[in-house]
Amino acid sequence: MRTSQYILATLKETPSDAEIISHQLMLRAGMIRKLASGLYTWLPSGLKVLRNVEKIVREEMDNAGAIEMLMPVIQPADLWQESGRWEQFGPELLRITDRNNRPFALGPTHEEVITDFVRKEINSYKQLPITLYQVQTKVRDEVRPRFGVMRAREFTMKDAYSFHLSEECLTQTYQRMHQAYCNIFERLGLDYRPVLADTGSIGGSLSHEFHVLAESGEDAIAFSDASDYAANIEKAEALAPKTERAAPSKELNSFATPEAKTIAELKANHGVKPHRGVKTLIVYGAADENERRGLVALIVRGDHDLNELKAQSHDLVHSPLEMAKEQDIISAIGARPGSLGPVGLNMPVIVDHSAAVMADFVAGANKDGEHYSGINWGRDVTDYVVADIRNVVEGDPSPCGNGSLHIKRGVEVGHIFQLGTKYSESMNAGVLGESGKNQMMSMGCYGIGVSRIVAAAIEQNNDDYGIKWPLALAPFSLAIVPMNMHKSHRIPEIANNLYSEFKKAGIDILFDDRKERPGVMFNDMELLGVPYTLVIGERNLDNNQVELKNRRTGEKRMFSIDDAVTEICALINSQ
RNA sequence: CGGCGAUUAGCGCAGUUUGGUAGCGCACUUGGUUUGGGUCCAAGGGGUCGCAGGUUCAAAUCCUGCAUCGCCGACCA
């Protein structure tokens with residue numbers, strides 16, 4: 001490709017609404033442009049990278065025995081009503097009606113469509129197991145699109161679905177997909193981790209997420225420094241402390257705290273260290289037989305955070321978790337949030353393990369502007385249950401028993417689930433088994449955020465000058481940058497010759513034939529992240545040489561013009 | 001959906017407080033100049049100042065409503 005006949009579309013200035021580095025660089029490098037919130041046009045360079053990701057994903061899916069197909073974006077509502085997700089999915093499901101007023105959804109995922117397809121086409125156990133996949137545009141009307149293509153309303157996803165006669169068979173395919181995903185992220189050159197994940201409302205028994213490690217990641221993941229244990233922080237178990245609770249050594253004592261409504265203010269105004277106090281959070285309890293929801297108190301140590309997923313999975317707590325409204329708290333307790341504590345609470349109390357081993361601790365007195373010190377479980381609070389309801393923190397012991405936990409941020413680029421029979425049962429998808437009886441199929445589903453990978457890869461591969469693409473992802477492998485071509489007779493000839501020879505050799509090459517100053521060209525090629533740049537200038541031509549620059553290492557190497565094509569092709573193809 | 005902020009040329013922004021009919025840098029076009037890391041000079045094209053209504057002799061500027069975009073939060077198979 002010649003830049004003069006291309007849309008390079010690089011920007012000197014950073015568009016003001018781009019927050020994270022990958023979004024900024026995708027705009028500046030001319031990869032994407034915003035059409036509306038969460039909707040992006042892919043320019044030629046961006047599309048080439050997207051296609052490179054797709055190619056690797058397809059190859060590894062095919063290797064793992066999956067078969068590619070393609071389903072519609074527009075899906076009839078009745079399928080979603082059948083699975084129960086027409087109501088359940090909420091406003092994220094973008095709904096439309098056709099000219100006959102028939103309701104449809106723009107597909108955020110394809111469990112319904114694939115299950116419908118398979119129940120019609122697959123009739124016998126002999127046709128199982130089977131894994132089908134597609135690479136396709138998904139639509140989710142996100143509450144808050146952000147970070148460019150990282151969380152967009154329309155995005156490219158590879159989604160795969162497997163069908164089985166037994167759970168054992170499902171587990172085998174699940175392992176195979178797990179391995180295929182590892183292969184994909186290895187080949188993409190990404191620093192990634194498979195982590196245990198919550199199955200969420202999609203249900204099922206086992207689930208892993210694949211995270212690309214990056215500071216800008218929206219998820220926190222916890223992993224052991226002494227084993228391969230890794231889990232989304234939502235899922236990571238906080239082990240009960242091994243230490244026994246100390247015996248009470250102080251009396252219960254109230255003190256005035258008119259200005260202290262938060263843990264931080266207690267520390268600043270009264271010298272209470274956060275780990276010597278507890279936080280009391282009031283949420284709604286599980287509905288009783290009359291559909292009434294009472295209040296429940298959740299208690300965690302002052303320096304810990306509540307884990308909402310753990311809390312809402314507790315029998316006493318309403319799911320989904322909802323923090324109590326201030327008015328409800330005041331009418332039940334007689335105090336505002338900020339002065340709450342476990343002593344004398346007239347509601348069920350769930351105490352986190354770490355808070356339950358505290359002695360002589362501080363908490364609100366359930367009276368505005370007053371706290372207690374010297375609180376002790378058993379003596380001052382008798383009726384409570386203990387559970388794991390907090391997020392793990394750096395340094396906690398690993399739930400696997402080996403080592404301690406570290407916490408890093410990650411971008412979720414893949415998610416695999418064992419669905420079991422959730423969809424096959426609601427949509428009646430069975431096959432005839434060996435015995436001649438109808439049998440429900442077990443399902444697995446496996447997603448990769450293809451467009452999100454492009455952004456995640458940039459988060460991991462950039463510097464002050466722009467993107468540093470790994471060769472497998474780069475929009476071009478090699479750029480030819482001639483110095484002042486229009487002033488020379490031999491440079492255009494040599495550059496054009498090299499360009500056509502590299503093209504003939506199958507190298508994806510960008511020839512910068514613009515009448516621009518060298519600095520402009522260097523900057524654009526570095527911004528775009530082309531892994532190798534071949535510089536052709538009078539200076540080196542006098543020695544019959546050209547110079548190759550490596551974008552990632554900065555290394556420069558000279559080649560004689562006669563050997564350049566052969567040697568550089570060998571260099572590129574060896575990677 | 002709640003809180004905050006923004007909306008002026010393709011991009012980045014000034015002008016709004018104090019109303020007088022729009023400007024800067026980049027990009028773009030033309031000519032010259034320069035040439036191994038975002039040259040310099042000159043000339044030029046491009047904006048119903050987000051939309052609607054109001055106040056006024058006069059509105060980018062003041063008032064009201066709406067829309068869009070972003071940030072934080074809540075939410076997120």
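Naming: A, B, ... by sequence-line order, numbering from 1 per chain. Excluded from the calculations below are hydrogen atoms, water molecules and symmetry mates; all remaining heavy atoms, backbone and side chain alike, are included.
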Exercise. Specify the separation, in whole Å, of atom CD of A/E142 and atom C1' of B/rC75.
Key: 9 Å
Quiz item: Looking across every strand, which nucleic acid part, if any, lies under 4.0 Å from A/H486 by heavy atom: base, sugar-phosphate, or nothing?
Solution: base
Self-check item: Selection from B/rC69, B/rG36, B/rG38 that lies nearest to any side-chain heavy atom of A/N523
Solution: B/rG38
Quiz item: Is any side-chain nitrogen or oxygen of A/S16 closer than 4.0 Å to OP1 or OP2 of B/rC13?
Solution: yes
Quiz prompt | Pair partner, B/rC76 [Watson-Crick or wobble, under 3.5 Å] | solution = none
Quiz item: Does A/N540 get its side chain close enough to the base of B/rG36, under 3.5 Å, for a donor-acceptor pair?
Solution: yes
Exercise. Ignoring the backbone of A/R28, work out which of B/rC13, B/rC71, B/rG38 is nearest its side chain.
Key: B/rG38
Quiz item: On a plain distance test, is the side chain of A/E19 in donor-acceptor contact with the base of B/rG70 below 3.5 Å?
Solution: no
Practice problem: Please state how far atom CZ in A/R146 lies from atom P in B/rC76, giving the value in whole angstrom units. | Solution: 13 Å
Quiz prompt | Base of B/rG25 paired with side chain of A/E13 (donor-acceptor, under 3.5 Å) | solution = yes
Quiz item: Will you find, in the side chains of A/Q136 and A/D159, an N or O donor that is under 3.5 Å from an N or O acceptor?
Solution: no
Practice problem: Remember a base hit wins even if backbone is also touched, and classify A/E516 as base, sugar-phosphate or nothing at under 4.0 Å, heavy atoms. | Solution: nothing
Self-check item: Options B/rC11, B/rG36, B/rG70, nucleotide nearest the side-chain atoms of A/R539
Solution: B/rG36
Quiz prompt | Minimum-distance nucleotide to A/V535 side chain [options: B/rG36, B/rC11, B/rC71] | solution = B/rG36
Practice problem: Could you check whether A/K34 gets within reach of a base, just the sugar-phosphate, or nothing at all, counting any heavy atom under 4.0 Å? | Solution: sugar-phosphate
Exercise. Name the pairing partner of B/rU68, where a pair is Watson-Crick or G-U wobble with both distances under 3.5 Å, or state none.
Key: B/rA6
Quiz item: Out of B/rG38, B/rC11, B/rC76, which has the shortest distance to the side chain of A/P15?
Solution: B/rC11
Quiz prompt | Which nucleotide in B/rC11, B/rG36, B/rC71 has an atom nearest any side-chain atom of A/E547 | solution = B/rG36
Practice problem: Among B/rC1, B/rG70, B/rC76, find the nucleotide with the atom closest to the side chain of A/V143. | Solution: B/rC1
Quiz item: Which is true for A/E218 with a 4.0 Å heavy-atom rule: it touches a base, it touches only sugar-phosphate, or it touches nothing?
Solution: nothing
Quiz item: Just checking A/E526: base, sugar-phosphate only, or nothing, at a heavy-atom cut-off of under 4.0 Å?
Solution: base
Quiz item: Please give, in whole Å, the distance from B/rG3 P to A/R144 CZ?
Solution: 15 Å
Exercise. Check every strand shown and say whether A/M485 touches a base, only sugar-phosphate, or nothing at a heavy-atom separation below 4.0 Å.
Key: nothing
Quiz prompt | RNA chain B: 5'-proximal contact among A/M521 and A/F147 (nearest heavy atom) | solution = A/M521
Quiz prompt | Nearest to side-chain heavy atoms of A/N484, which nucleotide of B/rC71, B/rG38, B/rU35 | solution = B/rU35
Quiz item: Quick one: is B/rA27 close enough that its OP1 or OP2 comes under 4.0 Å of any side-chain N or O from A/K12?
Solution: yes
Practice problem: Please determine, by modelled atom types, if A/T421 and A/E425 share a side-chain donor-acceptor pair under 3.5 angstrom. | Solution: yes
